[in-house]
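Order of the sequence lines fixes the chain letters, A, B, ..., with proteins taken first and strands second; residue numbering starts at 1 for each chain.
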Amino acid sequence: MIALLLCGSMRLNAREAVNDLTAPESRKDLETIQKSVERVLPQARAATVCIEIDEGSGTGVIVSEDGLVLTAAHVATRVNKKATVILEDGTRLKAKTLGLVADKDAAMVQILDKGTYPFVEIDRAESTRLGDWVFSLGHAGGFDKERGSVVRLGRLVRIAGATFQSDCMLIGGDSGGPLFDLSGKLVGIHSRVGQQAQVNMHVPLAEFIANWDGLINGEFIGEGPYAEKPEKGNGYLGLATNSISDGGLIVTKVGLKSPAELAGIKDGDILLKLNEVHLEKREQMQEILKNLSAGDEVTFEIKRAGKLKTITFNLGER
Amino acid sequence: MNANWISLSIIYGLALPALGQQSLDSAYRTTGTAVLAAFEPQRKVLQSSSAVLLDGRKEIGYGVVISSEGLILAKASEVDLVVGLSATVDQTTYRDVKVLAEDPLWDVVLLKIEASGLVPVVFASTSDLAQGTWVVANGATTRTTRRALAGIISAKSREIPASGGAALGVTLKPNSKILEVLEAHEKSGASDAGLKNGDVILSIDGKAVRKIEELGELLRDRKAGSTIQMIIRREGKEISLDVRLSAYGELFTDQMNRNDQMSGEYSPRRSGFPRVIQHDILGSRHVQGGPLLDLDGRCVGMNIARANRAESFAIPVEELKQLAETLVKQPQN
């Protein structure tokens, strides 16, 4: 019975026979590889996106119709952070980071704009074997609409712990991009490279699957080196305030080049709300900041010269 | 685009725990002998129809054999300054290599060796190949044997604008109220046109220029490799000159960024091409200039630049054929 079930599942995840050859032996074998790539490339390409976070640009891949994206932790940098996802045609979409696994370089991003997005299937059966032919996609060097994402072909040359190594050559900007098998299933996410061009590392999909719920729920999983754990209370605004009688806090000083100053907050502004909380006392603001960390986003509603204004920026590191 | 790409961290040692580790023998990797054995028919084409260009014993580039009498196309910027250039085709080395003509826009030079009975490449009818299509190019070589490397078409064919834009290639006298030339850069079109110290630039394509800002404005939308008509004043006389614009990146070395640092020996001239096809064959600046072949062994292009670790460019066969015709017809220098 068990044997039968195994047979059945193997059939469902049919591997290209060319993968079982130690090397392609004929032109026919080469054409089999080529035809597989050509067949699955349009969908793989449509699901491969550029991710911009702060000043950085990496790659990711959409794995569900509603816009769930897999990428690398060192692209996401932190959980619940604002991001922009760029589709193949240049469409820019609002997104935010969900969870990440800091010691495995795995992360999720959710597209926030509602829509039906092109996506790829992930290799849940962990069917990839050493020597399998694979191809990588990525926005090498950043998004370039004229060029599109760049495809590179290679083999899975090493499997060691939580790392796949392939000879698909990667470069900066490819980070977080997808590695596919010949059936077009997602098998890995680009992570890091060796000095030699043939040495390129990917996070196996198994690491995502093992942490799926935590990733979806926006958890920061594991300890370094691919993302730094946020420390609560280490963020700062760079301004001094006094409470005033008719509600709100008046800004009495703005630090030179502080996050507040760079965001445009000025002496004399009246802070009415911080992250939707009405401000009456200075202690309230301190209480909110205690639970946030450097890099977190804050939104102030302020009054300046009688006019209401909303200012959003990231906390600096204390 | 104002975002910077995110760097991949570089792992120097690859000492991973041996337990549970599986590693593919190097022969079976994409650049390994067992895999490349499948490309023997295309390798044979490289053996007869590509040239190895040498500076003494050092390999500096490759060439495309385009006639049985020894006409060869090569990458100009890798060949230009070599004094004792020699070329190997199949197993014969030719010591006397003449430079017949050059196209600075495409960075291609036409060479001639004293040979007969060579086997020229067969041009494919189109370079319009789907992404994922196998292509084959020269890898390192021994004295007698060419080696092949394989890869796939990996991005859309497109123009690669000159890095840094088009440049005139002159230094102007500082703090001067007129556009007086201090010097023309050695490798620039300005130098080729004879522009020299003391010349005063008066107009470009019929438009008077007086300030450096006006000059910059006029050059902004021009392409590297295109020619402008310039009127200068030299020793009281007005002279008209045709000056080819250079790519800024050709005259001044780009500052290396982190992607460049991880790209090994990339081609110094890697931009300013009207159209390229892109592939992922592993290479360096020293394997450029040879033919790019399809599985039928036909020439779909000429390798013109190793842009970085992950991107290589080739001149598409349509443009290459035209370029070859133009260069062959050019008066020989």
Given heavy-atom pairs under 4.5 angstrom as the criterion, report whether the side chain, backbone, both or neither of [X] touches chain A.
X      : value
B:A37  : neither
B:R158 : side chain
B:L295 : both
B:Q278 : side chain

So, for A:T22 and B:Y28, which heavy atoms are closest and what is the spacing to 0.1 Å?
O-CD2, 3.3 Å
Where do A:P24 and B:A38 come nearest, in terms of heavy atoms and distance?
O-CB, 3.5 Å
So A:L153 and B:T30, do their side chains get closer than 4.5 Å, heavy atoms only?
no
Report yes if the side chains of B:E311 and A:I171 come closer than 4.5 Å at any heavy-atom pair, otherwise no.
no
For chain A, which of B:A34, B:A27, B:A310, B:P41 has the most heavy-atom pairs under 4.5 Å?
B:A310
Between chain A and each of B:V35, B:N308, B:T133, count heavy-atom pairs under 4.5 Å; write down the option with the most.
B:T133
Under 4.5 Å from a heavy atom of chain B, the part of [X] involved:
X      : result
A:T59  : neither
A:S191 : backbone
A:I51  : neither
A:K28  : neither

Counting heavy-atom pairs closer than 4.5 Å to chain B, which one of [options] comes out on top?
options                     : result
A:M169, A:R147, A:R152      : A:R147
A:Q198, A:E38, A:Q196       : A:E38
A:V150, A:L30, A:V37, A:L41 : A:L30

Taking atom [atom1] of [X] as the centre, does the number of heavy atoms from other residues, nucleotides or ligands within less than 6.0 Å exceed 12?
X      : atom1 : answer
A:E228 : CD    : no
B:E159 : CD    : yes
B:E40  : CD    : yes

Nearest 0.5 angstrom please: A:D144 CG to B:I160 CD1, how far?
7.5 Å
Out of curiosity, A:Q34 CD to B:I153 CD1, how far, rounded to the nearest 0.5 Å?
9.5 Å
Chain B neighbours within residues 70-100 of chain A, where any heavy atom lies under 4.5 Å away:
A:H74, A:V75
So, the side chain of B:R309 versus the backbone of A:L170: is there a donor-acceptor pair under 3.5 Å, distance only?
yes
